[in-house]
Amino acid sequence: MTDEKLDQILKQALAPEISDKEIRVHGRRKGKMRRYSKIGKGAAAAVAAAVIGISGLGYFNPVLAAKIPLIGKIFERVEDDIVYSGDYTDKGTVLTNEDEAGNLDTSDYSASDEGVAITASEVYCDGYSIFLTVNIKAEEADFTHIPRHYTGVNAADKRTAAGFYIDGTWSVDGSLTERLENTFEGEVIDSHTFAGMLKINLTKKAAGSGKLSLKISGLGYDDDRMLDGEEISASHWTDGNWNLVLPFEANETNVKTIEVGEKQNDITLDNVVVSPYQVIVHVTTPGKQRELTDDRREKLLSKDPDMTDAEMFEILGWSYEPCQTICFNQDGEMLYPDTEMAGRAGFAVQGKEIKTLYIFIFDNLDDWAQMEQEGMNSSAADRAVIYKEIHVE
């Protein structure tokens with residue numbers, strides 16, 4: 001997609017809430033965002049990355065920094081604003097508690113370096129993703145200028161959250177090391193405190209208990225005072241070492257897998273997973289059948305730690321044709337699309353009722369973008385490679 005096409009989609013999706021200046025800022029950020037956070041494609045994902053200065057929202061309030069226990073209750077604090085929103089009550093396992101004096105009941109799940117302390121708070125796993133809340137504390141920082149970004153499908157939803165970039169790797173129970181691709185998403189509590197959630201998509205379905213190993217090598221955040229600058233992405237960046245090993249247990253309560261197996265033009269809709277906070281559409285595409293061995297992947301990543309699977313396929317001369325997926329519920333509401341990777345398209349439920357899903361899979365990004373703008377009754381629907389109605393209840 002060209003920059004001009006992206007700007008056009010942004011203006012249609014965000015007007016009047018986002019100014020032309022902010023759209024231009026987003027365009028300048030795209031290249032550098034790849035290093036710090038993989039963002040989704042199309043207009044909806046662009047909405048998620050567009051920044052909003054705090055002066056326009058007035059969200060920061062020093063009173064929030066009063067001594068109210070925060071760690072152990074971060075899901076409760078951020079659950080309404082983050083992309084993967086919902087009621088996390090009784091879902092997550094509390095790793096660390098905090099009393100009214102700010103004392104923690106364990107230091108097992110905390111790491112400090114370069115004046116920045118990260119404390120893991122709660123963890124939830126639906127078998128396909130790990131949802132982890134953390135508290136980030138830095139006495140020398142000023143987090144009050146971290147801008148917020150839209151977390152709903154439409155800017156009119158007025159759902160926003162602050163973001164904190166993260167660099168490093170993760171693995172589960174000694175499995176292949178993967179790059180951290182998402183950001184912490186949540187709320188600035190005070191000048192020195194940020195509370196947020198990180199969502200990690202597992203490469204293989206988890207069953208039972210496990211241990212998540214996080215090796216964080218860098219943290220950063222944007223500054224709304226630098227919106228006029230050519231480079232604002234992660235303008236405040238700290239390199240360091242924050243290593244955490246966190247226990248989790250897969251909770252398959254209210255998680256349903258619906259087998260489909262429909263194939264058209266070398267694209268197969270394998271199955272659909274519906275969990276409390278996400279819908280996952282598993283798709284086999286040309287090129288996906290060829291699996292990268294661990295040794296080959298590690299060798300390629302040693303040359304470029306940020307290399308994607310698509311780029312690896314290109315270097316190896318393998319065909320790689322990702323598709324674009326869009327999903328609506330029985331009320332015609334589009335589900336918020338997250339980054340789509342080979343074999344997996346993720347969507348945030350965001351409290352929507354899911355009785356029936358209407359899934360459209362395209363092999364053309366422009367058709368996907370048209371439907372994203374026009375809704376389920378778009379004429380682009382006729383150009384979907386696969387259309388499927390899935391009854392969940």
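Just so we're clear, the structure is a prediction, and the values are computed from it rather than from any experiment.
For the pair Lys256/Ser275, no side-chain contact is recorded, criterion being any heavy-atom separation below 4.5 Å from C-beta on. Between Leu335 and Lys352 the shortest side-chain heavy-atom distance falls below 4.5 Å. Residues Val272 and Thr257 fail the side-chain proximity criterion, which asks for heavy atoms closer than 4.5 Å. Counting only heavy atoms from C-beta outward, the side chains of Ser191 and Phe143 never approach each other to under 4.5 Å. Met334 has its side chain within reach of Glu372: a pair of non-hydrogen atoms, C-beta onward, lies under 4.5 Å apart. At a threshold of 4.5 Å between non-hydrogen side-chain atoms, the residues Val172 and Phe248 count as touching. The closest side-chain heavy-atom distance from Val134 to Thr119 is not below 4.5 Å. At least one side-chain heavy atom of Cys327 sits under 4.5 Å from a side-chain heavy atom of Leu357.
Atom CG of residue Asn265 and atom CG of residue Asp363 lie 7.0 Å apart, to the nearest 0.5 angstrom. Taking CG of Leu214 as the reference point, atom CG of Leu198 lies at 7.0 Å (rounded to 0.5 Å). Between the OG1 atom in Thr133 and the CD1 atom in Ile82 there is a gap of 9.0 Å [rounded to 0.5 Å]. Taking CG of Asp80 as the start and CD of Glu187 as the end, the distance is 10.5 Å to the nearest 0.5 Å. Asn243 CG to Ser213 OG: the interatomic distance, rounded to the nearest 0.5 Å, is 7.0 Å. Here the straight-line distance linking atom CD1 of Ile361 with atom CD of Gln324 works out to 10.5 Å at 0.5 Å rounding.
Between the side chains of Trp368 and Asp366, no donor-acceptor pair of N or O atoms lies under 3.5 Å. In this structure, a donor-acceptor pair under 3.5 Å is present between the side chains of Gln278 and Asp126. Judged purely by distance below 3.5 Å, without hydrogens or angles, the side chains of Thr268 and Asp270 never pair a donor atom with an acceptor atom. With hydrogens and angles left out, the side-chain atoms of Asn201 and Lys199 include a donor and acceptor closer than 3.5 Å. Between the side chains of Thr93 and Glu249, no donor-acceptor pair is found at a separation under 3.5 Å. No side-chain donor from either of His391 and Glu393 sits under 3.5 Å from a side-chain acceptor of the other.
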Exercise for review: Quick one: do Cys125 and Leu202 satisfy side-chain contact (heavy atoms from CB on, under 4.5 Å)? Show the steps, please.
Suggested key: CA-CA 10 Å; Cys125 176; Leu202 300 175; 4.1 Å; yes
Exercise for review: May I have the step-by-step check of side-chain contact (heavy atoms from CB on, under 4.5 Å) for Gln350 and Val83, ending in yes or no?
Suggested key: CA-CA 7 Å; Gln350 298 190 329; Val83 168; 4.2 Å; yes
Practice item. Go through the steps to decide whether Phe362 and Met371 satisfy the test side-chain contact (heavy atoms from CB on, under 4.5 Å), and finish with yes or no. Key: CA-CA 10 Å; Phe362 297 94; Met371 178 164 247; 3.7 Å; yes
Point to revise | Pair Asp224-Asp222, side-chain contact (heavy atoms from CB on, under 4.5 Å): steps then yes or no | key: CA-CA 7 Å; Asp224 74 310; Asp222 289 339; over 6 Å; no
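The backbone N or O of Glu178 sits nowhere less than 3.5 Å from a side-chain atom of Thr169 that would complete a donor-acceptor pair. Gln264 places no side-chain N or O within 3.5 Å of a backbone atom of Val385 that could act as its donor or acceptor partner. A donor-acceptor contact shorter than 3.5 Å is absent between the side chain of Asp338 and the backbone of Gly346. A distance-only check finds no donor-acceptor pair linking the side chain of Glu185 to the backbone of Ala161 [under 3.5 Å]. Between the Trp170 side chain and the Ile200 main chain, no donor and acceptor come within less than 3.5 Å of each other. Side chain of Arg148 to backbone of Thr160: a donor-acceptor contact under 3.5 angstrom is found. Judged purely by atom type and a 3.5 angstrom limit, Lys215 has no side-chain atom pairing as donor or acceptor with the backbone of Trp242. Between the side chain of Asp223 and the main chain of Arg225, a donor-acceptor pair closer than 3.5 Å is present. Between the Thr151 side chain and the Asp81 main chain, a donor and an acceptor come within less than 3.5 Å of each other. A donor-acceptor pair under 3.5 Å is absent between the side-chain atoms of Gln373 and the main chain of Ser378, judged by distance alone.
Between Leu104 and Ser110, the shortest heavy-atom contact is CD1-OG, 4.1 Å. The heavy-atom pair separating Leu269 from Val260 by the smallest distance is O-CB, 3.5 Å. Here the shortest heavy-atom pairing between Ser121 and Ile71 reads OG-C, 3.7 Å. Minimum interatomic distance between Ala117 and Ser112 (heavy atoms only, all atoms of both residues): CB-OG, 3.4 Å. Here the shortest heavy-atom pairing between Ser171 and Thr177 reads CB-CA, 4.2 Å. Closest heavy-atom contact between Arg383 and Asp367: NE-OD1, 2.9 Å.
At a threshold of 4.5 Å between side-chain heavy atoms, the hydrophobic network of Ile, Leu, Val, Met, Phe, Trp and Tyr places Val349 and Ile258 in one connected group. If you chain together hydrophobic residues whose side chains sit under 4.5 Å apart, Ile390 and Val283 fall into the same group. Both Ile386 and Val392 are assigned to one and the same hydrophobic cluster, defined by single-linkage of ILVMFWY side chains at heavy-atom distances under 4.5 Å. Hydrophobic clustering (side-chain heavy atoms under 4.5 Å, transitive across Ile, Leu, Val, Met, Phe, Trp, Tyr) keeps Val94 apart from Met197.
Within a 6.0 Å radius of CD in Glu140, other residues, nucleotides and ligands contribute 12 heavy atoms or fewer. More than 12 heavy-atom neighbours from other residues, nucleotides or ligands sit within 6.0 angstrom of CG on Asn103.
Arg77 and Glu122 are not joined by a salt bridge, as no carboxylate oxygen comes within less than 4.0 angstrom of a charged side-chain nitrogen. Of the charged side-chain nitrogens involved, at least one lies within less than 4.0 Å of a carboxylate oxygen, so that Arg179 and Asp167 count as a salt-bridged pair. Looking at Lys211 and Asp173, no side-chain N of the basic residue comes within less than 4.0 Å of a carboxylate O on the acidic one, giving no salt bridge.
A ring-ring contact (aromatic ring centres under 6.0 Å, His included) check over residues 88-118, counting only residues at least two apart or in different chains, returns the pairs Phe75-Tyr88, Tyr88-Tyr277.
Residues that satisfy the side chain to side chain contact (heavy atoms under 4.5 Å, CB included) test with Thr193, not counting sequence neighbours, are Leu70, Asn135, Lys137, Ile189, Asp190.
In this structure, Val273 belongs to a hydrophobic cluster whose other members, linked by side-chain heavy atoms under 4.5 Å apart, are Tyr128, Val255, Ile280.
Geometrically, Lys91 does not engage Tyr124 in a cation-pi contact defined by less than 6.0 Å to the ring centre and at most 45° from the axis.
The aromatic rings of Tyr221 and Phe164 lie tilted to each other, with the angle between the two planes from 30° to 60°.
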